Structures are given as C-alpha cells and as structure tokens.
Amino acid sequence: MKVYQTNEIKNIALLGSKGSGKTTLAEAMLYECGVIKRRGTIDGKNTVSDYFPVEKEYGYSVFSTVFYAEFLNKKLNVIDCPGADDFVGNAITALNVTDTGVILVDAQYGVEVGTQNIFRTATSLKKPIIFAINQLDGEKADFENVIEQMREIFGPKIVQIQYPLVSGPGFNSMIDVLLMKKYSWGPDGGVPVIEDIPADQMDKARELNQKLVEAAAENDETLMEKFFEKGSLTEDEMREGIRKGLIDRSIYPVFCVSALKDMGVRRMMEFLGNVVPFVEDMPAPVDVNGNEVKPDSNGPLSIFMFKTTVEPHIGEVQYFKVMSGTLTPGVDLDNVNRESKERIAQIYCVCGQIKTQVDKLCAGDIGATVKLKDVRTGNTLDAKGCNYNFDFIKYPAPKYQRAIRPVTESDAEKLMSILTRMHEEDPTWEIVQSKELKQTILSGQGEFHLRTLKWRVENNDKLPIIFEEPRIPYRETITKASRADYRHKKQSGGAGQFGEVHLIIEPYVEGSPLPDTYKFGSQEYKMNIRDTQEIPLDWGGKLVVHNCIVGGAIDARFIPAIVKGLMDRMEQGPLTGSYARDVRVCIYDGKMHPVDSNEISFRLAGRNAFSEAFRNANPKILEPVYDVEVMVPADVMGDVMSDLQARRAVIMGMSSENGFEKITAKVPLKEMSSYSTALSSITGGRSSFSMKFASYELVPGDVQEKLLKEYAENNNEE
C-alpha cells in the first residue's frame, strides 16, 4: 500500500454508548472504502471489529478494534471502541492516541449517561468532537427531540450539517446544509441520489446553512470579514472555518446516518477526509520531561505502545503510534521503561484481525508489530540518541471488586500468569495479591467487566475459577488509654525464656504533646522519655513508641525486640486480625533475667502486653469509606436515593448537570460490593457512578458486634 505522509493521516476514535451502532458503522465505513466487499453483522458474528470469541459470545464489543481506510487520498486510522461503561479504558486509550472523536447518538434514546461520560473525557483531553445521530430508521427515532436535547446538554456549539426529512421507519432522505443538497436512498441504502433541495425545505435549509456559515466564520478573522462583506462563504472557506472550529472545540458538527442501511455513511466519511484535522494540525503531545514532541517524519524515531492483544496462532500483537520519525522494519529500539532492546522485525497496518505488512510508517501513523521480547502496554521505544518517554494515558479508578482463585489450588501460578497477560490487554483490569486480606483481588469497572474476564479464562485458557466476595480491609484502633503488663516465662531444661514488659497505650493524634503522667485508679505513672520511635505504617497511620525505662529494668538491647512484638499485633489486630493504626505506646517498666532473657522472650512479652492493653482501651473497628458520585436520570432519582440510604450512605449533595441528576455521597466500601449491578437494575442501565477512597471511619456498634462474632467463630473453626 501507499506510504502516507504525516500531512495525509487522520486518526479518529469511534465512540458512543452501548448499542449506539459503532460496530455496524465501522462495517459500513470499511465497505464504502472498498476494504471489505460485504458488510458483516453482529448477529452473523462476522464483523471486522468484534472478532474475539468473547465478543461473538456476548454480542457486544469488549476490545477496541483498529482499522484503516484509504479514502480521498488520505489515510483514516479509526479505533472502534466498546460502548459499555465497563470497557471505558479502551475509549480512553483511543482518545489519547487519536485526534478527533466521532460520538454516535442513538436517535431512539438520545443522549445517554455513557454519551456524556465519553464527552467529558474528550473535553478533558481537548479533542475535537463530531456527533453522528444513528439509527434514524428506528421505531422510536425522533431527530428533533434528540437535537433539542443535545443543544440543552452541549450548548450552542451543536451545529447541524444535516437533518432528515423524516425520522423513524420511513427515514430515507436528508438535507445537507453544507453542500445544500438533498440525499435520498432506496430501501437497501448504498449509493444516494443527490438532488436540489425541494422548495418546501429551502427556508429551513437556508436558516441552518446561515448558522453553519456564522459558526465557521467565527473561527477566522479573514473569514469573518468575508462573511460580513458577502454574507456567505464558499464551500472551501466553510471547510477551513469548520476545521479551525473543530481544533479549538467551538463547533460540534452533527451528521445523520443509518449505519445498518448504509445511509449517510459515505457523506460523513467525505467530511472526515476533507475537513477534520490532520495529525499535524493538533497540539503536539508532551513527554514526561515536558518536551513537546511534534509529529515530524524527519525527527528522532520514537513509538508509543498503546494496546496489546493476544491472538490465536500469532500470540501478542502490539499496537503503536509513531510519535516522531519514520519507522521501518528491522530497526533496533530502546525500551526506555524496561531498559531493554527490541528489534521491530515487521510492521503492519491493521484492519481488525487482517494485517497488511508495510515498509514504512511516518510520524502520526498507527500500526502494529508482533513477537516483541519485553514490551508492555504504555512503553515508549526510542531510537539511539532519542530520549522521549510518554505516559499520558490515565485510567479511572476501579468500581467493582471480586476475590479470584482457581478451582484447583495448584493452578494459582498459572492463573496469575493469565491475569497479568490480560491486564496488558486491558489496563483497567487490576490484580493485587493482598497480604492483608489473604486473597487475590481483581478490580474492574463493573460486573460485566469481570464476568467477561471470567468467561475468557474459563473458555479460552480452560482454567475454571471462582469469584468470591472480597474481604474488607478494616482497621483497628483505640479510643482511651490503657495499661497492661505481661511476663513470659518458659523453662524446659537448659536455658529458659524470661521477659516481662509493662506498658501504657493510648490513641495517637498527630501533633499531640508528649506524655507526662498517666493515672489509672488511684495509681499515678510518671513517664521519663529516653527515646522515641515513630513508625509510619504501610496501611496508614502510625505506631509511636516511647522508651521510658529507668534504672536498667530492661536492657536497651531488648527494646527492638519489644517493638517487633508490638508490630506483630499492629499487623494482626487483637479484635478481628485487621491492621491496627494510630497507637502510642510507653514502655515504662519490666524485668529481665541475667541468663534466660533473650529477644524472643521480650518480643512475646511485648506482643501479649500490647494485646491485653488494646482490648481494655475501648477498641474500635474502622471501615473504609468512599466518596461516590452517581449520575442518574431524574425519573429514577428517588429509587437511587433510597437504595443509597439502605447502604448506610451519607448524602453530601445533589445537583443537576446537563439533563441528569448528580448525587454525591459517602458510602462504606462494604456496601458497594454489588452496587454497579444494583444501579444498572434500578435505572435500566441509564446511569453511571464513580468512587474514590475518602477516609476510615468508625463502624456502627451493631456492625462491630457482628464482625467480632464472625471473627471469633472463624477462629474457633480453625
């Protein structure tokens, strides 16, 4: 195939809510460009995009699909992204490596929560956006209502390029107000009949054309002067004005299509080829050192690996964007993230699972390679002398967790290898082997997300696995001062064991004054601090230890052993075995034996004295609480609020945002376990939420009693 220069390349992300028709649109685009001779269907399981077994099984996109189209002497690299919120990581990746987003809106359901979520992401990345209203031939399609909704949500930047003469099952024609022509199709779509605009539509077409001309002229002073002078712009002038409006995001053009019947698709592609920005038109990305890296084919060679798939008979396929320079096969590159060397043996242009070997890819282009030794998603590969390093893709925090284990325990290592590989394919799958919870925790964006992974492990890798409720990382702490002493004495022939420790514990508060005197009952204990250790805990909070020993009651060499004993109990709290935090300890007295005292004796004495004191210090259990933000349609607001309150949520606020209601709340992690499933059920999948760790808070008394009882029962069973 032809080698395309940077000024001939356009990179586009195909976006939208689940069911909006992206995969079907991708088929129509490929058909219009002659890449495929026959359009596949989702029901037929023969589309270019959804070619993985799990996608055919479930009937929806799980991975983004890269394809290219040679059109109007341009190369359009398109990434078709899954629409389900659970697979949002693919859309985020695609938006980061492309330059324009085409967002599909279902004419039957209008702007959905998923539409708004992806629009917000595109806005944060400052990407140009084009809207395509799809499924205009659907039973419930209502174009005018959808346009009105879009104007309410996205504002006056919504500018119509087209409008249908009728929406619904009778849709077969539209008016293009950029070209000022009528397009109409036969029952099977395909090649349109292009005619002059009918007289009864001319007033409406002229009004929308005038709005489009004004929007285009606003982005260029020269065009604005021509507009004021002549009252109109030529087609080329309008294209230039719209291109500049797209780049600075002052225009969101709206197109009309029926992807299923291939109506309006070719016209939209003409706009993509003629009007949307080229790679070099967009602001240059910045590497981790703050260097602006322009897509210069003559610059130093640097490629960014943005996606990994594992395909049958091939293995790992690595997708990349050429950030700078020109890539040719056989080049040796340095992996700046893993400090290793890679040889790029072959390079391909990709269309789903079809790979076409090429001799050269210029800056800004997107391609793939295979059989790399040590490359991970997100790595940067540079030629010798180039020092670029890119790290610009930021993924959302997980929303759903499950503990995962193989049915057969001996398969644990094999499972971890599979999960590590799958994380490479989708970085929003996160895997943590939790020492604290003694579980392998799999996190993702929702129940569908994790269910998809389970299907793949069990069907592709033939490894049966079990999902379980993850344990909650509770914390233990104390609320008052307490005193205890413990003598460890053991004699079993030969050298014995002896150590006695007296200590006082109290809650630690940052900035509190040093302890001076404690009083328990009628007895007063004066502290003479000789040494202090502040131990920041990996799980949050601190352990502060004051050595207040006087008169040599315990030799200084045994203090570290006592601290180890304290840490034993901080790592496995006396109440539920959870981590303890924020405790201050004063070791003020004890006894030792000239022969039998040793480190293990004082470690055990310190641990047991601490346990006893902890239980008498009015101990409390803390639970992780998360900030939760829920976006819901107004008609289900009450049901969602009721469900949150049943989850012990504290509602922090409510507001309206672009036609949806936003609820902010603080919710215990324990209550969020199945929230994504429940929210989808309550709202019919028309909502979304995000969650972020906020703080640890005391659990209610009844919850603490239940946790203590469960822990005691489990220990008895063991």
Side-chain angles (χ1 to χ4, degrees), residues 54 62-64 81-82 84-96 117 121 305-310 316 318 337-338 375-379 391-406 411-458 460-461 463 465-473 538-540 579 624-629 667-670 672-677 679 688-694:
V54 67
V62 169
F63 303 104
S64 60
C81 302
D85 200 38
D86 289 43
F87 305 103
V88 68
N90 292 269
I92 290 171
T93 298
L95 275 169
N96 273 277
N117 289 344
T121 302
M305 318 304 290
F306 68 85
K307 172 180 162 68
T308 303
T309 62
V310 179
E316 284 194 355
Q318 299 277 1
N337 304 95
R338 303 181 68 79
V375 171
R376 302 289 182 268
T377 302
N379 288 175
D391 182 25
F392 45 72
I393 303 180
K394 308 300 177 189
Y395 295 105
K399 304 175 188 173
Y400 190 84
Q401 290 186 331
R402 281 295 176 265
I404 183 173
R405 63 180 175 87
D411 288 329
E413 190 173 328
K414 181 181 178 183
L415 176 60
M416 278 307 298
S417 175
I418 293 168
L419 294 177
T420 301
R421 185 194 76 213
M422 294 176 79
H423 170 72
E424 286 298 310
E425 296 180 68
D426 183 350
T428 58
W429 276 319
E430 296 183 7
I431 305 102
V432 175
Q433 289 182 295
S434 175
K435 174 187 171 185
E436 174 186 3
L437 305 179
K438 299 178 178 64
Q439 291 178 313
T440 298
I441 304 299
L442 174 66
S443 305
Q445 295 299 308
E447 184 192 3
F448 276 156
H449 199 204
L450 268 63
R451 191 196 304 167
T452 301
L453 180 144
K454 188 174 191 291
W455 189 96
R456 292 181 63 207
V457 173
E458 294 187 331
N460 296 350
D461 296 288
L463 180 64
I465 57 174
I466 295 171
F467 276 169
E468 297 173 323
E469 194 83 7
R471 300 182 185 114
I472 302 299
D538 292 342
W539 51 89
Y579 288 146
V625 173
Y626 278 66
D627 286 324
V628 177
E629 188 177 282
V667 192
L669 178 61
K670 172 71 174 173
M672 292 298 293
S673 171
S674 59
Y675 187 63
S676 65
T677 308
L679 183 65
S688 70
F689 77 100
S690 61
M691 55 188 285
K692 187 169 80 171
F693 174 75

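On a predicted model such as this, the values are computed, not experimentally measured, just so you know.
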Quick one: do [X] and [Y] make a salt bridge, cutoff under 4.0 Å?
| X | Y | result |
| --- | --- | --- |
| Asp461 | Arg421 | yes |
| Glu425 | Arg456 | yes |
| Arg402 | Glu468 | no |

[Y] and [X], any side-chain heavy atoms less than 4.5 Å apart:
| X | Y | answer |
| --- | --- | --- |
| Asp426 | Thr377 | no |
| Pro82 | Ser64 | yes |
| Leu442 | Val432 | no |
| Ile92 | Lys394 | no |
| Arg376 | Met305 | no |
| Leu95 | Thr121 | yes |

Self-check item: Heavy-atom neighbours of Lys454 NZ exceed 12 at 6.0 Å
Solution: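 Atom NZ in Lys454 is packed in, count exceeds 12.
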Exercise. Indicate the ring-plane relationship of Trp539 and Tyr579, choosing parallel, tilted or perpendicular according to the 30° and 60° boundaries.
Key: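 Plane angle under 30°, so parallel.
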Return the [atom1] to [atom2] distance between [X] and [Y], rounded to the nearest 0.5 Å.
| X | Y | atom1 | atom2 | answer |
| --- | --- | --- | --- | --- |
| Ile404 | Leu453 | CD1 | CG | 5.5 Å |
| Met422 | Trp429 | CE | CH2 | 4.5 Å |
| Thr428 | Asn90 | OG1 | CG | 7.0 Å |
| Asp85 | Phe689 | CG | CZ | 9.0 Å |
| Arg405 | Phe467 | CZ | CZ | 12.0 Å |

At their closest point, which heavy atom of [X] faces which heavy atom of [Y], and how far apart are they?
| X | Y | value |
| --- | --- | --- |
| Thr440 | Gln433 | OG1-CG, 3.8 Å |
| Asp86 | Gln445 | O-CB, 3.2 Å |
| Phe693 | Pro624 | CE1-CB, 4.0 Å |
| Phe306 | Thr93 | O-CG2, 3.4 Å |
| Ser443 | Leu450 | C-CD1, 4.0 Å |
| Asn337 | Gly378 | OD1-O, 4.0 Å |

Taking atom types as modelled, find out whether [X] and [Y] have a side-chain donor-acceptor pair closer than 3.5 angstrom.
| X | Y | result |
| --- | --- | --- |
| Asn117 | Ser688 | yes |
| Ser676 | Glu447 | no |
| Ser673 | Glu469 | yes |

With a 3.5 Å distance limit and no angle check, can you tell me whether [X] reaches the backbone of [Y] through a side-chain donor-acceptor pair?
| X | Y | answer |
| --- | --- | --- |
| Glu458 | Ile465 | yes |
| Lys670 | Val667 | no |
| Asn379 | Val375 | no |
| Gln439 | Arg471 | yes |

Practice problem: Check the pair Val88 / Tyr395 against side chain to side chain contact (heavy atoms under 4.5 Å, CB included), numbers first and verdict last. | Solution: CA-CA 9 Å; Val88 68; Tyr395 295 105; over 6 Å; no
Quiz prompt | Ring centres under 6.0 angstrom apart (Phe87, His449) | solution =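 Yes - the distance between ring centres of Phe87 and His449 falls below the 6.0 Å cut-off.
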Quiz item: Cationic tip of Lys692 within the cone over Tyr626's six-membered ring, i.e. under 6.0 Å and within 45° of the normal?
Solution: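 Judged by the rule, Lys692 and Tyr626 form no cation-pi pair.
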Quiz item: Hey, mind stepping through Lys307 and Phe63 against side chain to side chain contact (heavy atoms under 4.5 Å, CB included) and telling me if it holds?
Solution: CA-CA 10 Å; Lys307 172 180 162 68; Phe63 303 104; 4.2 Å; yes
Practice problem: Starting from the C-alpha separation in whole Å, work towards a yes-or-no answer on side chain to side chain contact (heavy atoms under 4.5 Å, CB included) for Leu415 and Leu463. | Solution: CA-CA 8 Å; Leu415 176 60; Leu463 180 64; 3.8 Å; yes
